[in-house]
Q: 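Below you will find the structure I want to go over with you.
Chain identifiers are assigned alphabetically (A, B, ...) following the order of the sequence lines, protein sequences preceding nucleic acid strands; residue numbering begins at 1 within each chain. In this text, all values refer to a predicted model and were calculated from it rather than measured experimentally.
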Amino acid sequence: MLQVPFIREHKDLVIARLAKRNIDASKMIDDVIGLDEDRRRMQTELDNTLAELNTLSKEIGGLYKSGEVEKANLLKKKTSQLKEQTKELNESLNATVEALSELLYKIPNVPNEIVPSGNTDEDNEEVYREGDIPVLHEGALPHWELAKKYDIIDFELGNKITGAGFPVYKGKGARLQRALIAYFLDKNTAAGYTEYQLPHLVNEASGFGTGQLPDKEGQMYHVTEDNLYLIPTAEVPGTNIFRDTLLNENDLPIAITGYTPCFRREAGSYGAHVRGLNRLHQFDKVEILRVEHPSQSYNALDGMVNHVKSILQDLKLPYRILRLCGGDLGFTSALTYDFEVFSTAQDRWLEISSVSNFETFQANRLKLRFKNNNGKNELAHTLNGSALALPRVLAGILENYQTEDGILIPEALQSYTGFSKIN
RNA sequence: GGAGGAAUGGCAGAGUGGUCGAAUGCGGCAGUCUUGAAAACUGUUGAGGGUCACACCUCCGGGGGUUCGAAUCCCUCUUCCUCCGCCA
């Protein structure tokens, strides 16, 4: 959620930057400013009425004490009028506040200056590429075929137990998953991230805090009996650690990492691009998350990008980094870098990490602030990224490391898997 | 799941209808003293809205109600504690 004072003071900039997302926000911005003016006017009016009421109440108290009951009763009549007024004012104030909030929830974050304009993923800007794309042997297979051939992932079994998009990992496949999780967590903690184990279900307030609710409600599994939601990413419980929090400036930066399964309904997805591990309803992910001083958040973003790079270098997977264009940028993000691994057998790039700076957009909704060294409360910046999302990394490993007599395990993982080949 | 108790400022803890935004202690900050520190003493110390700054308004777990007036009374929800039951 954008900050109203910021909108008021940088109206033109906000509109110009939002245009990168191909939205004309001028009307919404004018409405925000107008509603905010209304809000403040009503608030002042209400405050004055309440002040009058408070004074009268004190007077009445005094009159009762000195036994002047008649005078007191006279004043009481006056208060009932004022009370009626406050009731009305309160109602219109609430209506205005609600209208303002609803509008604010609809406005996405202001893209950073360097975000390219554009509509779709075709307009994303490739900023880096590394790693050789292997030349595969004759008869190389896509990962879902490999999974079957070596009996390490059973998609049909998942269909039976739950439904499409809930694969069962078996034997070395399961062990490789566990190895990846352990390796990612070790790598992240070595880089200064504190490991957390977080709840996999969250309440309404948390879903709201990170912006999944009310808009993307249909993307989460909802446990109606208890009104809880299965997390679509560790970002939700992870970021909500800091909901309604006032930190000290020297608490910053905060860096945490956590492994969680992620559950996504993915309503509306279909076709070849959802085959195999490409798109699942349940998958595993290790997330990194930072709370930063506003002056440091872009350095931190670069740091996160470098960290994810080093993981992919360790795994020796061919990858590229994209700077997302305005049209592809997530609602809450100001700047996002996507990492994609090349899936050789499918001949396409698969997104395996998304690293974003949300600036104050999440913090504002969460009320995540810190007391700066001047004693003023300031919104912190939040950032997060995947390090990494498992299924597509697994797909990348299976496909890129396949040989005629088995799938090799990247060296960096061998101490975690306990084997060096799947065959 | 059943029975009972509780929720107040960073923490502890008073406060059961009116000068209570809230005593007191601890902690934090500033000062005096000291070469420096500790101790002692003095002062200061919640958040949000609003204002150039004041004024002013709101907030004593959340929501609603009674009253001229609520931290204090009523309803409701949530959380925590104790006991019983169940249980990885």
Q: If you only use heavy atoms from C-beta on, which nucleotide in rG69(B), rG48(B), rU58(B) is closest to the side chain of L50(A)?
A: rU58(B)

Q: Inspect the contact between D30(A) and K27(A) and indicate whether a charged nitrogen and a carboxylate oxygen are less than 4.0 angstrom apart.
A: no

Q: Could you check whether atom CD of Q3(A) has more than 12 heavy atoms from other residues, nucleotides or ligands sitting under 6.0 Å from it?
A: yes

Q: Hey, does K371(A) reach any base, or is it just sugar-phosphate, or nothing, if we go heavy atoms under 4.0 Å?
A: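 Sugar-phosphate, backbone atoms only, no base.
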
Q: Side-chain N or O of K367(A) versus OP1/OP2 of rG48(B): is the shortest distance under 4.0 Å?
A: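 Result: no.
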
Q: If we take the P atom in both rA30(B) and rU82(B), what is their distance in whole Å?
A: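 One P to the other, the span is 40 Å.
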
Q: Starting the side chain at C-beta, find the nucleotide from rC57(B), rU51(B), rA47(B) nearest to R40(A).
A: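 For the R40(A) side chain, the nearest candidate turns out to be rU51(B).
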
Q: Quick one, F208(A) with Y105(A), criterion ring-ring contact (aromatic ring centres under 6.0 Å, His included). Give me CA distance, side-chain angles, the key distance, then yes/no.
A: CA-CA 10 Å; F208(A) 184 80; Y105(A) 296 147; 5.3 Å; yes

Q: On a whole-Å scale, what distance lies between the C1' atoms belonging to rA70(B) and rG21(B)?
A: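 So the two C1' atoms sit 14 Å from each other.
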
Q: If you pin G61(A) and E52(A) to their nearest nucleotides in RNA chain B, which one's is more 5'?
A: G61(A)

Q: Counting just side-chain N and O atoms, does K76(A) come under 4.0 Å of either OP1 or OP2 of rG69(B)?
A: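 False: K76(A) side-chain N/O out of range (4.0 Å or more) of rG69(B) OP1/OP2.
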
Q: Considering every strand and a 4.0 Å limit on heavy-atom distances, what is the contact class for N377(A): base, sugar-phosphate, or nothing?
A: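 It contacts sugar-phosphate atoms only.
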
Q: Between rC68(B), rA47(B), rC57(B), which nucleotide gets closest to the side-chain atoms of N54(A)?
A: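 From the listed options, rC57(B) comes nearest.
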
Q: Of D36(A) and K58(A), whose nearest nucleotide on RNA chain B comes first from the 5' end?
A: K58(A)

Q: Can you tell me which nucleotide in rA47(B), rC56(B), rG69(B) comes closest to the side chain of R369(A)?
A: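 Taking heavy atoms from C-beta onward, the closest nucleotide is rA47(B).
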
Q: To the nearest Å, give me how far apart CD (E204(A)) and C1' (rG63(B)) are.
A: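 E204(A) atom CD is separated from rG63(B) atom C1' by 14 Å.
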
Q: Carefully, step by step, assess L312(A) and I352(A) under the rule side-chain contact (heavy atoms from CB on, under 4.5 Å).
A: CA-CA 10 Å; L312(A) 291 164; I352(A) 43 123; 3.7 Å; yes

Q: Of all the choices, rU67(B), rG49(B), rC56(B), which nucleotide is nearest to the side chain of A51(A) once you look at every atom?
A: rC56(B)

Q: Of the listed nucleotides (rU58(B), rC68(B), rG50(B)), which one gets closest to any side-chain atom of R39(A)?
A: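 Selected nucleotide: rG50(B).
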
Q: I'd like the P distance from rG49(B) over to rA55(B), given in whole Å.
A: 16 Å

